[in-house]
Structure formats: C-alpha cells, structure tokens
Amino acid sequence: MPGILLGDVFPNFEADTTIGRIKFHDFLGNSWGILFSHPRDFTPVCTTELACAAKISDEFKKRGVKMIALSIDSVEDHRNWSKDVMAFNDQTESPLPFPIIADDKRELSVQLGMLDPDEKDKDGMPLTARCVFVIGPDKKLKLSILYPATTGRNFDELLRVIDSLQLTAQKKVATPVDWKPGDKVMVIPSLSEAEAGALFPNGVTTKEVPSGKKYLRYTQI
Ligand code: BEZ
C-alpha cells in the first residue's frame, strides 16, 4: 500500500512547480516543511484554503516552516488559479507566497497515498484528498493529516500542531488537549520523578486521580 508513515524519511521526489523544477530535500534545505495537497484548482473550498494559507504564510515563516501545495493540475493552471486565490484575499498585486506542485500524472499522489477514491473528475479519475505532511529538518515525517475533498482544513490548527511538534522535538514534554503556546505542558510518561525534577526548573505538579497513579504531571516551559 503506498503512503508514508511517521518517522519515515520523506521521499526526495523531483517535481515541476510554480517556481520551476525542484528536488524536495533541496527545496526544504535545513527547514521544517509543510506539504498540503488539494483536490483541484479553480474549486471553491480549495480556494478558501489556499487563500487562508497565503494570509498566514508569515506565521509559517516565523516558525521556519517552508510551505508547498500540490494538486493534480498543471503548472499553467496553478499559476492562473494562484491569481484567483490572491484576489480572494484582495491582494491582486501579490504573488502566492508559496509554490504549488503540478502532479498532473498523479505519480506523487499515488506514491504518497493522497488520492481520494470518492472524488472523481469528469473522466472518472480520482482527485487528490486534502493531505497535510509536516516534515522535520531531518527530512522525516513528523505529522500527517488526511481529510476528504469535501472538508476544508483549519490552518490555525496546523500552526498549533507545528508549535507542539517543534516544542516536543526540543523538550521531553507532550502537549495536552487544545494546548496552545504558553499553556502548561505534560511531562512524558517515560521520565522518572527524579529526572523530571532535574529537567524542569519551574517544578512539576501532579494531579491526583483515583488510581493513585502519578501520570498526570504538568510543568510550565
Ligand atoms: C472544493 O474545493 O470545493 C471541492 C473540490 C473537490 C470536491 C469537493 C469540493
């Protein structure tokens, strides 16, 4: 079954894009990366998504994350549609601030398991689903999300998960439900009490639970 799993080295594919031909690892350099696919150019939900991604692209830049989109349309379609996307944001003078990969032969979409079997074009060929891959500076897959064509994504949530991924790559913590930067984080279960005490100078608080087990450990980073 095609696809890519957490921890896999992301394929160093070559592709045509709106900024020319790229080799993916060279495109990423030493940065984090986010690759997000969409079903088709000149479609409504995709337009709202890419417009949102463009609007908050500085937030990805701040976090050192290179953005790249993908669909099964051609470079020419991508370039023309990009103008609509920026017009949707009332920014007709600005270019789309990230490239789009042209996967018109669907080779990459098959390799990465990105096709949505329920959404077909007029010739009965499957369209790309709304996939998100976040890739670390080590070129390994850190997160993947897969939405069907009919459900648009939340790009603020993508920034939130990137904040979590970047924090938890550095510190031995995990982020709880609905966490956002500045909130308390949780000490990972594999750390002993002594190790946690040494690692977290702001202290560790433990929530008591009926089992008596001390696994709900919080700290402030
Ligand atoms: C859209 O982007 O609006 C869309 C694309 C394919 C199927 C459904 C919706």
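Read the numbers this way: they start at 1 and go in the same order the structure lists the ligands and their atoms.
- At a heavy-atom cutoff of 4.0 Å, ligand 1 is contacted by no atom of Lys120, backbone or side chain.
- For ligand 1, the polar-atom distance check against Arg130 finds a nitrogen or oxygen pair separated by under 3.5 Å.
- The hydrophobic cluster containing Val204 also contains Ile221, counting ILVMFWY residues as joined when their side-chain heavy atoms lie under 4.5 angstrom apart, directly or transitively.
- In this structure, the ring of Phe60 has its center no less than 6.0 angstrom from the ring center of Phe98.
- Ile101 places a side-chain heavy atom less than 4.5 Å from the side chain of Leu35.
- In terms of N/O distances under 3.5 Å, ligand 1 is not approached by Glu119.
- Every atom of ligand 1 is numbered from 1 in the order shown, and the set under 4.0 Å from a heavy atom of Pro44 is 1 (C), 2 (O), 3 (O).
- Geometrically, Lys207 does not engage Tyr218 in a cation-pi contact defined by less than 6.0 Å to the ring centre and at most 45° from the axis.
- The shortest N or O to N or O distance between Ala149 and ligand 1 is not under 3.5 Å.
- A donor-acceptor contact under 3.5 angstrom links the side chains of Asp41 and His78, judged on distance only.
- In this structure, Phe133 has its ring center at least 6.0 angstrom away from the ring center of Phe24.
- Atom 3 (O) of ligand 1 has its closest protein heavy atom at Val45 N, 2.7 Å.
- Close contacts between ligand 1 and Cys46 involve ligand atoms 1 (C), 2 (O) [criterion: under 4.0 Å to a heavy atom].
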